[in-house]
Asks: 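Encoded as structure tokens, here's the structure I'll be asking about.
Every chain is numbered from 1, with letters handed out A, B, ... down the list of sequences. All values below were derived from every heavy atom in this structure, side-chain atoms included, with hydrogens, water molecules and symmetry-related copies excluded.
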Amino acid sequence: MEKIHDKKRLVINLLDWYDEHARVLPWREEATPYRVWVSEIMLQQTRVEAVKPYFERFLKAFPSISSLANAKDDELSKVWEGLGYYNRVKNMKKCAQMCMELYDGKLPSTYEQLLQLPGIGSYTAGAVASIAFKEKAAAVDGNVLRVFSRLLVSEDDILKESTKKKFQKIILDYIPEERCDAFNQALMEIGALVCAPNAAPRCNICPLAQDCIGYQNGKAHYLPIKKAKKQRRIEKRTILVVVWKDKVLLYQRPEKGLLSKMYEFKNLEDHYLKKDIINRIGAKHVLSYKKLKDAKHVFSHIEWHMKACLIEVDEPIEEGIWCTKEELEHTYAIPSAFQTYKESLYEWWKEKSYE
DNA sequence: AAGCCGGGGAC
DNA sequence: GTCCCAGGCTT
């Protein structure tokens, strides 16, 4: 690990660049603690472009900490539908309830207090403390780790917790007293737009190139070092879109584990023959059977290889939720894994002119 | 330290 | 296909 010679110059160049190139983002317009917090939770492992359509919608549905503390779980899930990592929004509700009880309905203002709240780890605590409350705290995310490992030519594995801690400490020494909020955001902005992930670093346009040891030594391109992650396991699943008249059969997933408490079509582990599926439903109840296209959905640690069919039954034989199109659209949150089959269902309803 | 937890965009 | 994103929690 090398040492930067002129830290002050680096910080000035960074802030000057940020003043000119910062993207206009909804949560930057009016950086209230609530808005900053909501944006930071949404942005965990999620790109800016993916968050944009959710941010204003969420603020409109839950404009304050108290409204969030009193929200119904299904309404929260529905607003978060499609964004992923659904525990984030569950933790937000818990967090809002704690703010009501402990902090007079507001977010606490210090890094240490924020860190105690559910869903807020070292990065988010640093981001909210610095951006919303102007506390001189580091906010070390994937961008910052990448930028700094190149700046300093660090060959530490950035996935290790110890590396993150190390950089947190180092970076604290760079943060200017006056503009800690801009500094942290500028580092991430550089990481997103210049010192890019999944692409060659654009050192030719980088305002930090002058002070970047990785660039100066021609080592920026192979950094950061990251240990290979283990491969996903594959699960075969069979999706049964069971319909009765103008309704479809839904179930709620268990409290814990993957996609907890989200809603889904009937589905089974493994793949089955048509006759076994028909037998399982009870042959005399099946009015029609339609094979649907295969689909694959990739989670962070699992791959679902799905086969599917749409089955029309003559009476509501299964215990579950018989759900209308209206409720599918406005009430029940269905994870993206089932999106293909939600579309198949809409087409089927359209053909049957149930809409 | 390693596993769990989503979804999608860029290459 | 592979990588990784304004990460955090649980085991």
Asks: Quick one: Lys342(A) NZ to dG7(B) P, roughly how many Å, whole number?
Replies: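 Atom-to-atom, Lys342(A) to dG7(B), this comes out as 11 Å.
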Asks: Looking at Lys90(A) and Asp73(A), is there a salt bridge between them, counting it only when a charged N and a carboxylate O are closer than 4.0 Å?
Replies: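 No, no charged N to carboxylate O under 4.0 Å.
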Asks: Just call it for Ser336(A): base, sugar-phosphate, or nothing, with non-hydrogen atoms closer than 4.0 Å on any strand.
Replies: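 Sugar-phosphate contact only - Ser336(A) comes under 4.0 Å of backbone atoms but never of a base.
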Asks: So what does Arg146(A) touch, heavy atoms closer than 4.0 Å: a base, only the sugar-phosphate, or nothing?
Replies: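 Sugar-phosphate, no base atom in range.
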Asks: Would you call Pro335(A) and Met262(A) a side-chain contact if the rule is heavy atoms closer than 4.5 Å?
Replies: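 Counting from C-beta outward, Pro335(A) and Met262(A) do come under 4.5 Å.
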Asks: Of the nucleotides dG6(B), dG8(C), dC3(C), which has the atom closest to the Asn198(A) side chain?
Replies: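 Given the options dG6(B), dG8(C), dC3(C), the side chain of Asn198(A) is closest to dC3(C).
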Asks: Using atom CH2 of Trp304(A) as one end and atom C1' of dC5(B) as the other, report the distance to the nearest whole Å.
Replies: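 Value for this atom pair: 13 Å.
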Asks: Determine, using ring centers only, whether Trp348(A) and Tyr341(A) are less than 6.0 Å apart.
Replies: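 They do not qualify: ring centres at least 6.0 Å apart.
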Asks: So, does Asn87(A) get its side chain near the phosphate of dC5(B), meaning an N or O under 4.0 Å from OP1 or OP2?
Replies: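 Asn87(A) to dC5(B) OP1/OP2: no side-chain N or O under 4.0 Å.
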Asks: Indicate, with a heavy-atom threshold strictly under 4.0 Å, whether Gly191(A) touches base, sugar-phosphate, or nothing.
Replies: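 Nothing, no nucleic acid heavy atom in range.
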Asks: Rounded to whole Å, please give me the gap between NE2 in His297(A) and C1' in dC5(B).
Replies: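 Distance, rounded to whole Å: 12 Å.
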Asks: Base, sugar-phosphate, or nothing: which does Ile120(A) touch, judged by heavy atoms less than 4.0 Å apart?
Replies: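 It contacts sugar-phosphate atoms only.
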Asks: Of the nucleotides dC9(C), dC5(C), dC11(B), which one has an atom closest to the side chain of Lys226(A)?
Replies: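 Within the option list, the nearest is dC5(C).
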Asks: So, Arg233(A) and Glu235(A), do they make that salt bridge, N to O below 4.0 Å?
Replies: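 Salt bridge: yes.
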Asks: Whole angstroms only, please: what is the CZ-P distance between Arg202(A) and dA10(B)?
Replies: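 After rounding, the reported distance stands at 13 Å.
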Asks: OP1 or OP2 of dG7(C) versus the side-chain N and O atoms of Gln44(A): is any pair under 4.0 Å?
Replies: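 Checking Gln44(A) against dG7(C): no side-chain N or O falls below 4.0 Å of OP1 or OP2.
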Asks: Pick the C1' atom in dC4(C) and in dC5(B), then give their distance to the nearest Å.
Replies: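 Approximately 15 Å lies between the C1' atom of dC4(C) and that of dC5(B).
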Asks: Categorize Trp80(A) for me: base, sugar-phosphate, or nothing, with a 4.0 angstrom heavy-atom threshold over every strand shown.
Replies: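 No contact.
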Asks: Using OP1 and OP2 only, check whether a side-chain N or O of Lys296(A) sits under 4.0 Å from dG1(C).
Replies: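 Answer is yes, contact under 4.0 Å.
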Asks: Rounded to the Å, how far apart are Lys164(A) NZ and dC5(C) P?
Replies: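 Taking atom P of dC5(C) as the reference, NZ of Lys164(A) is at 11 Å.
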Asks: Salt bridge check, Glu81(A) against Lys342(A): does any charged N sit closer than 4.0 Å to a carboxylate O?
Replies: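 Looking at Glu81(A) together with Lys342(A), the answer is yes, because their closest N to O distance falls below 4.0 Å.
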Asks: Whether Glu40(A) and Arg35(A) form a salt bridge (side-chain N of Lys/Arg under 4.0 Å from carboxylate O of Asp/Glu) is what I want to check.
Replies: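 No, this pair does not count.
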Asks: Would you mind reading off the distance between Ile41(A) atom CD1 and dC5(B) atom C1', rounded to a whole angstrom?
Replies: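 Taking CD1 of Ile41(A) and C1' of dC5(B), I get 14 Å after rounding.
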Asks: Determine whether the aromatic ring centres of residues Trp304(A) and Phe299(A) are separated by less than 6.0 angstrom.
Replies: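 Centroid distance Phe299(A)-Trp304(A): below 6.0 Å, so yes.
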Asks: Under 4.0 Å from OP1 or OP2 of dA2(B): is there any side-chain N or O of Lys227(A) that close?
Replies: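 Result: yes.
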Asks: Roughly, in whole Å, what's the span from CD in Glu161(A) to C1' in dG8(C)?
Replies: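 Rounding to the nearest Å, CD of Glu161(A) and C1' of dG8(C) are 10 Å apart.
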Asks: I want to confirm an ordering. Mapping Ala50(A) and Ala199(A) to their closest nucleotides on DNA chain B, which one lands closer to the 5' end?
Replies: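 Nearest nucleotide further toward 5': that of Ala50(A).
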Asks: Between dG6(B) and dT11(C), how far apart are the two P atoms, rounded to whole Å?
Replies: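 Roughly 15 Å separates the two P atoms.
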Asks: Classify Val51(A) by what it touches in the nucleic acid, base, sugar-phosphate, or nothing, heavy-atom distance under 4.0 Å.
Replies: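 Nothing, no heavy atom under 4.0 Å.
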Asks: Is Lys226(A) paired with Asp157(A) through a side-chain N to carboxylate O contact shorter than 4.0 Å?
Replies: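 Not counted as a salt bridge, because no side-chain N and carboxylate O are separated by less than 4.0 Å.
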Asks: Is Thr46(A) side chain donor-acceptor paired with the dG6(B) base, going by distance under 3.5 Å alone?
Replies: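 Yes, the side chain and the base share a sub-3.5 Å donor-acceptor pair.
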Asks: To the nearest Å, how far apart are Lys256(A) NZ and dC4(B) C1'?
Replies: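 That distance rounds to 13 Å.
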Asks: Just call it for Leu25(A): base, sugar-phosphate, or nothing, with non-hydrogen atoms closer than 4.0 Å on any strand.
Replies: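 Contact class for Leu25(A): base.
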Asks: Between dC5(B), dG7(B), dA6(C), which one does the side chain of Tyr85(A) approach most closely?
Replies: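 Side chain of Tyr85(A) sits closest to dC5(B).
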Asks: Reckon Lys90(A) touches a base, only the sugar-phosphate, or nothing at all at heavy-atom distances under 4.0 Å?
Replies: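 Touches nothing.
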Asks: If the cut-off is 4.0 Å, is Tyr86(A) near the phosphate of dG7(B), judged by side-chain N/O to OP1 or OP2?
Replies: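 Looking at the OP1 and OP2 atoms of dG7(B), one of them is under 4.0 Å from a side-chain N or O of Tyr86(A).
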Asks: Between dA6(C) and dC4(B), how far is it from one P atom to the other, in whole Å?
Replies: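 Per the computed distance, 25 Å lies between those P atoms.
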Asks: Give a yes/no on whether any side-chain N or O of His301(A) is located under 4.0 angstrom from OP1 or OP2 of dC4(B).
Replies: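 It does not, given that no N or O in the side chain of His301(A) lies less than 4.0 Å from OP1 or OP2 of dC4(B).
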Asks: Using the C1' atom as the point on both nucleotides, what is the distance between dG8(B) and dC9(C), in whole Å?
Replies: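 Between the two C1' atoms, the distance is 23 Å.
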Asks: Of Arg47(A) and Leu115(A), whose nearest nucleotide on DNA chain C comes first from the 5' end?
Replies: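 The residue closer to the strand's 5' end, by nearest nucleotide, is Arg47(A).
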Asks: Find which nucleotide of DNA chain C each of Asn91(A) and Glu40(A) is nearest to by heavy atoms, and output the residue with the more 5' nucleotide.
Replies: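 Its nearest nucleotide lies further toward 5', so the answer is Glu40(A).
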Asks: Counting side-chain heavy atoms from CB outward, which of dG6(B), dC4(C), dG8(C) is closest to Thr124(A)?
Replies: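 From the listed options, dG8(C) comes nearest.
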Asks: Counting only side-chain heavy atoms from C-beta out, which of dC9(C), dC4(C), dG6(B) sits nearest to Lys229(A)?
Replies: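 That would be dC4(C).
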